[in-house]
Amino acid sequence: MKIGILGTGAYGLSLALSFLENTSDITMWTKLEKEYRELIEQRENTKVLPNIKIPMDISFTLNIEEVMKEKDIIVIAIPTEYIDGILKDMNTYYTNQIILIASKGISEDGLFVRDKIKNFVSQDKIAVISGPSFAIDLSNHVPVGLSLASSSQETMNVVENALAGRRLKLRKTEDVLGVEICGAIKNVIAIASGMLDGMGYPISTKAMLITESLHDIKSMIHSLGGDKKTILSFAGFGDLLLTCTSEKSRNYSFGRTIGIGNQEDIKQYMENHTVEGLTTIYGMKQVMEKNQIEMPVVSLISDIIHQKKKPSALLDFLIEKE
């Protein structure tokens, strides 16, 4: 099995280490010369995954054709907001491989990654993975569970055989849309959970937020044509729980900074970190408007981030929410 991975960030590298348990033919692509040189010379990405050495079995390239040519599975593991920049090259070099989407989130135009590639990739060749998994945990091969979604059982079987291992469990589902929604919206809820922490509120209040959010996400999945049961999957409750309770989450940490209220710290955090939830807010608002769906917590978090409302408005929202 030959694997090509677009992206050499923390999650892409951790997936490569997981694939390595089943295959030794893995090529990873980055467009960043400095990142490429460090990976080649030091076998490490010290910025995003320090102290994790990358075995020589995994190769790296700056050439997107090389990472896609003659591969069985192509993994997309770059931030959703940067997908548009590689679509033309992907289309040029795509030859009917399975595309495994590991990027979580939705772009500001309200489109998931699947929406962007389905013009040149058939639905039965697309799969999505999502679930409660920090890159460092995957890299250290601790027990982790992920949802694997595709409209094709054959595609899921191929991915499972290549990726699942002694400590990585994949639970399959045909609800691709539900898994995509869960993977995106949890980043927004994590910002709100971090706000509660920053304001000094305990886990009990965060548990209230998580519970209320589960109901809202379930309703959104159903309204858009997905399976409500997906909210109880690794991609749903599992990822929401992890992201909303851990400072390892950039979205949670960003929300915590907002809750504390130091505007200079908020500005610096946004300048130095990729906060997926910020892009997701814009994208989800597009989805809500297009499909005439209401999810007030998304609008509220947006208003708080743009300083139209104070973080304390989140408390009133939770109490007054029907």
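As a basis for the values below, the full set of heavy atoms in this structure was taken, side chains included, without hydrogen atoms, waters or symmetry mates. Keep in mind that what you see is a predicted model, and the values were worked out from it rather than measured.
For E66, the side chain to side chain donor-acceptor pair (under 3.5 Å) partners at least two apart in sequence or on another chain are T61.
The existence of a salt bridge linking K116 and D109 is confirmed by a sub-4.0 Å separation between a basic side-chain nitrogen and an acidic carboxylate oxygen. Under the 4.0 Å criterion applied to side-chain N and carboxylate O atoms, K104 and D239 are assigned as salt-bridge partners. With respect to D72 and K2, no salt bridge is recorded, no charged nitrogen being found less than 4.0 Å from a carboxylate O.
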Practice task
Start with the C-alpha gap between K206 and Y252, add the side-chain angles, then the distance that decides, and say whether side-chain hydrogen bond (donor to acceptor under 3.5 Å, both in side chains) holds.
Solution key: CA-CA 11 Å; K206 285 182 277 189; Y252 181 92; 2.8 Å; yes
Practice task
I would like to know whether S151 and E174 meet side-chain hydrogen bond (donor to acceptor under 3.5 Å, both in side chains); could you show each step before the answer?
Solution key: CA-CA 5 Å; S151 61; E174 294 183 1; over 6 Å; no
Practice task
Apply salt bridge (Lys or Arg N to Asp or Glu O under 4.0 Å) to the pair K321 and D216, showing each step before the final yes or no.
Solution key: CA-CA 11 Å; K321 183 178 180 295; D216 289 351; 3.1 Å; yes
Practice task
Just do the side-chain hydrogen bond (donor to acceptor under 3.5 Å, both in side chains) check on E81 and S107 with the steps written out, would you?
Solution key: CA-CA 6 Å; E81 60 190 288; S107 59; over 6 Å; no
Problem - Candidate pair S103 and Y11, rule side-chain hydrogen bond (donor to acceptor under 3.5 Å, both in side chains), full reasoning - result: CA-CA 9 Å; S103 305; Y11 206 63; over 6 Å; no
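With no hydrogens or angles considered, a side-chain donor-acceptor pair links Q97 and T95 at under 3.5 Å. Between the side chains of D175 and T230, at least one donor N or O lies within less than 3.5 Å of an accepting N or O. Side-chain atoms of E276 and T80 include no donor-acceptor pair closer than 3.5 Å.
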Show the atom names and distances, to 0.1 Å, of all donor-acceptor pairs under 3.5 Å that link a side chain in residues 122-131 to residues at least two apart or in another chain.
unit_1	atom_1	unit_2	atom_2	d
S122	OG	D124	OD1	2.6

Going by atom type alone, with no hydrogens or angles, which donor-acceptor pairs under 3.5 Å involve a side-chain atom of residues 134-147 and a protein atom two or more places apart or on another chain?
unit_1	atom_1	unit_2	atom_2	d
S139	OG	A135	O	2.9
N140	ND2	I136	O	3.1
S147	OG	A235	N	3.0

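Around CD of E289, the count of heavy atoms belonging to other residues, nucleotides or ligands within 6.0 Å does not exceed 12. Atom NZ of K172 has more than 12 neighbouring heavy atoms from other residues, nucleotides or ligands inside a 6.0 Å radius. Residue Q268 places its CD atom among more than 12 non-hydrogen atoms of other residues, nucleotides or ligands, all under 6.0 Å distant. Heavy atoms from other residues, nucleotides or ligands lying under 6.0 Å from OH of Y201 number 12 at most. Within 6.0 Å of CD on E154 lie no more than 12 heavy atoms contributed by other residues, nucleotides or ligands. More than 12 non-hydrogen atoms from other residues, nucleotides or ligands lie less than 6.0 angstrom from NZ of K53.
Considering K186, K228, H222, M295 in turn, M295 is the only one that fulfils the side chain to side chain contact (heavy atoms under 4.5 Å, CB included) rule with I217.
One hydrophobic cluster holds both I52 and V75 under the rule that ILVMFWY side chains link at heavy-atom gaps under 4.5 Å. A continuous path of ILVMFWY side-chain contacts below 4.5 Å connects I266 to I191, so both sit in one hydrophobic cluster. The hydrophobic clustering, which links ILVMFWY residues whose side-chain heavy atoms are closer than 4.5 Å, places I83 and I73 apart.
Between I78 and T8, the closest side-chain pair of non-hydrogen atoms is not below 4.5 Å. The closest side-chain heavy-atom distance from I319 to L315 is not below 4.5 Å. Side-chain contact between V298 and I185 is present, with heavy atoms from C-beta onward closer than 4.5 Å.
In terms of modelled atom types and a separation under 3.5 Å, the side chain of K267 and the main chain of D265 share no donor-acceptor contact.
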